[in-house]
Amino acid sequence: MTGKTGRVLVIDDDPDVLLAARLLLKPYVETVRAERNPETVPALLEQGDYDVIFLDMNFARDASSGKEGFHWLRRILDLDPQTVVVLITAYGDVEMAVRAIKEGATDFVLKPWQNEKLLATFFAARSLRLSRREADGLRTRQRQLAADLDQPFNEFIGHAPVMRPVFEAIRKVAGTDASVLVLGENGTGKELVARELHRRSRRSREVFITVDMGALSETLFESELFGHVKGAFTDAREERAGRFEIASGGTLFLDEIGNLPLPLQAKLLTVLENRTVTRLGSNTARPFDVRLICASNMPLFEMAEQQRFRRDLLYRINTVVITLPPLRERGEDILLLTNHFLGIYARKYQKPVRELLPAAVALLMRYEWPGNVRELMHTVERAVIMCEGPVLRPEDFSLGDTRMENSRCPDSLRIEENEAGLIRKALAAHNGNLSAAARELGLSRPALYRRMEKYGI
């Protein structure tokens with residue numbers, strides 16, 4: 001028979017049971033290993049894993065109590081906690097079945113079995129094993145992806161006094177499950193704070209899931225965050241978990257939460273209060289366990305006063321508030337960050353760039369950095385790419401406005417004007433190509449659309 005996959009181990013001291021199991025399972029499984037002696041289990045598991053293990057509850061030394069079965073169940077799960085074990089016995093009862101499930105067994109079947117029942121149990125157990133492998137692989141890939149994404153920022157860079165409260169707050173709150181609200185202008189490193197909180201938390205081995213709330217349309221909001229069942233809407237061809245379920249056990253980072261319309265704020269609040277989600281098209285509430293971190297570049301407290309952001313939602317997400325200062329207030333850190341990014345991109349692009357001319361340093365120190373650390377990072381990257389020698393010169397840097405020679409005058413510049421100016425420059429640089437401009441600004445296309453509408457661009 002074609003399509004046979006997987007490996008099954010059957011352990012029973014009755015040779016007739018072993019023969020019957022082998023004959024029944026062989027058409028569906030690539031390898032069926034039959035063993036009479038459970039003492040061989042550790043050696044067998046060292047040689048390779050099994051998709052399903054059928055384990056007799058009672059052996060010759062203990063004919064009916066099930067003690068040997070429970071002993072070997074614990075040994076198997078100690079050796080491989082992901083193993084799917086189905087216990088079999090001729091002396092089954094409800095109490096023993098419940099105890100077996102509580103101790104880690106997947107299912108419980110009685111001898112003499114019905115072939116259809118045993119096959120159905122096997123297929124369900126094998127599906128569970130495949131699901132566990134897939135979930136474990138996804139967690140591993142997510143951790144590796146997170147490590148790769150964080151590589152340029154494996155620690156905060158900064159000595160400016162205004163950063164000390166940020167570091168102190170992270171140190172104090174990271175080990176708790178308290179909800180954190182991170183505030184700051186675009187490009188100040190809000191997601192970096194969220195990732196640092198996750199890295200230092202008890203959930204660090206679990207997933208870190210990011211959701212750009214500003215990029216979610218009202219029609220996609222519930223499907224993306226809460227999930228949906230097959231047929232819930234036109235394109236729902238299969239059941240899908242939402243971000244809350246996917247992030248369960250780990251950290252959920254809701255970025256740009258200030259862009260969420262009031263009706264969707266109400267739905268989010270209900271989910272956070274109940275700690276359950278109901279997939280779109282379903283009536284079943286599913287519990288979740290996430291550590292919530294939110295971020296915004298908008299004045300949420302002022303918006304709450306103006307009834308543009310729900311007070312009760314704000315109270316729910318801001319157990320601790322961490323406010324990131326703009327780069328223009330971190331003068332001591334500009335050169336430190338520049339050299340940090342210089343080292344990263346010199347290695348990445350294999351360029352022999354090692355230092356900056358004093359005139360280039362002066363240029364960077366005069367600039368206001370409306371795009372903050374993100375703008376500085378991209379500026380250094382472009383300079384490394386464009387430079388011709390081992391030293392960066394003023395002409396290697398492309399800055400938005402360098403006319404402020406003698407004054408940093410931050411009070412004369414409004415954040416909105418800076419952002420609108422950046423958007424216009426990005427659009428002009430890319431000849432109106434919205435996708436390219438959005439990438440340059442570090443925004444999604446929907447987020448760029450909203451800002452263009454906001455500023456009348």
Side-chain angles (χ1 to χ4, degrees), residues 1-140:
M1 181 176 179
T2 60
K4 297 192 296 183
T5 59
R7 304 176 71 216
V8 174
L9 174 62
V10 185
I11 308 169
D12 195 297
D13 59 357
D14 186 337
D16 293 334
V17 169
L18 295 179
L19 178 60
R22 287 191 63 180
L23 291 174
L24 181 62
L25 295 172
K26 191 61 179 175
Y28 308 97
V29 187
E30 186 175 0
T31 301
V32 180
R33 180 72 180 259
E35 287 290 335
R36 295 184 61 182
N37 183 6
E39 298 285 348
T40 61
V41 166
L44 291 173
L45 291 182
E46 284 183 5
Q47 295 168 12
D49 59 359
Y50 290 86
D51 295 298
V52 182
I53 296 179
F54 286 93
L55 175 66
D56 189 17
M57 288 290 293
N58 305 296
F59 294 87
R61 285 183 297 166
D62 188 359
S64 61
S65 71
K67 289 182 179 179
E68 279 195 274
F70 284 115
H71 167 76
W72 287 108
L73 171 64
R74 287 189 289 268
R75 284 291 306 275
I76 290 169
L77 294 178
D78 283 342
L79 292 168
D80 182 2
Q82 297 297 319
T83 300
V84 175
V85 182
V86 176
L87 296 181
I88 52 179
T89 183
Y91 302 91
D93 59 28
V94 174
E95 289 186 8
M96 188 175 290
V98 170
R99 181 184 165 195
I101 299 300
K102 285 183 177 179
E103 295 203 17
T106 297
D107 209 341
F108 187 98
V109 294
L110 301 179
K111 297 184 290 187
W113 60 69
Q114 296 178 347
N115 287 349
E116 295 80 5
K117 167 64 176 174
L118 185 68
L119 286 175
T121 300
F122 162 69
F123 288 128
R126 185 172 67 175
S127 295
L128 176 61
R129 174 64 166 176
L130 294 175
S131 297
R132 286 180 178 177
R133 282 178 174 169
E134 183 180 2
D136 189 55
L138 286 172
R139 281 193 294 268
T140 301

Student: Any heavy-atom pair between the side chains of L119 and L25 that's under 4.5 Å?
Tutor: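 Yes; the side chains approach each other to less than 4.5 Å.
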Student: Any chance you could measure I76, atom CD1, to T83, atom OG1, to the nearest 0.5 Å?
Tutor: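 The distance works out to 7.0 Å.
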Student: First locate atom OG1 of T106, then atom CG of L128, and finally report the distance between them rounded to the nearest 0.5 Å.
Tutor: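 That separation rounds to 5.0 Å.
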Student: side-chain hydrogen bond (donor to acceptor under 3.5 Å, both in side chains) with E103: which residues, sequence neighbours excluded?
Tutor: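 Only R74, R99 meet the side-chain hydrogen bond (donor to acceptor under 3.5 Å, both in side chains) criterion with E103.
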Student: Can you give me the closest heavy-atom contact between L77 and G104, atom names plus distance?
Tutor: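 The pair with the smallest heavy-atom distance is CD1-CA, 3.7 Å.
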Student: Could you state the interatomic distance from CG (L73) to CD1 (I53), rounded to the nearest 0.5 Å?
Tutor: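 Between L73 CG and I53 CD1, I get 9.5 Å after rounding to 0.5 Å.
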Student: Would a 4.5 Å heavy-atom cut-off, applied to side chains only, mark L24 and W113 as touching?
Tutor: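 A side-chain contact exists here, since the closest heavy-atom pair is under 4.5 Å.
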Student: Would a 4.5 Å heavy-atom cut-off, applied to side chains only, mark W72 and E39 as touching?
Tutor: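 Yes, close enough: below the 4.5 Å cut-off.
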Student: With the side chain counted from C-beta on, respond yes when V84 and Y50 share a heavy-atom pair under 4.5 Å apart, and no when they do not.
Tutor: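 Side chain of V84 against side chain of Y50, heavy atoms only: no contact under 4.5 Å found.
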Student: Can any side-chain N or O of D51 pair as donor or acceptor with the backbone N or O of R7 at less than 3.5 Å?
Tutor: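 Yes: the side chain of D51 pairs with the backbone of R7.
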Student: Identify the two heavy atoms, one from M57 and one from F70, that lie closest to each other, and give their separation to 0.1 Å.
Tutor: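 That closest heavy-atom pairing would be CE-CE1, 3.5 Å.
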Student: As an exercise, state the distance from CG of L9 to CG of L55, rounded to the nearest 0.5 Å.
Tutor: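 Between atom CG of L9 and atom CG of L55 there are 8.5 Å.
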Student: Do the non-hydrogen side-chain atoms of L118 and F122 ever get within less than 4.5 Å of each other?
Tutor: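 Sidechains of F122 and L118: no contact.
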Student: For A125 and V86, work out which heavy atoms get closest and say how close.
Tutor: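 The answer is CB-CG2, 4.1 Å.
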Student: Taking only residues at least two apart or on different chains, which pairs with a member in residues 22-34 satisfy salt bridge (charged side-chain N to carboxylate O under 4.0 Å, His left out)?
Tutor: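 Every pair satisfying salt bridge (charged side-chain N to carboxylate O under 4.0 Å, His left out) with a residue in residues 22-34: R33-E35.
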Student: Give a yes or no on whether a salt bridge exists between D14 and K111, defined as a side-chain N under 4.0 angstrom from a carboxylate O.
Tutor: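 Looking at D14 and K111, the cut-off is not met.
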Student: First locate atom CG of L87, then atom CG of L110, and finally report the distance between them rounded to the nearest 0.5 Å.
Tutor: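 Interatomic distance, L87 CG to L110 CG, rounded to 0.5 Å: 11.0 Å.
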Student: With heavy-atom distances below 4.5 Å as the criterion, would you say the side chains of D56 and I11 are in contact?
Tutor: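 They are not in side-chain contact.
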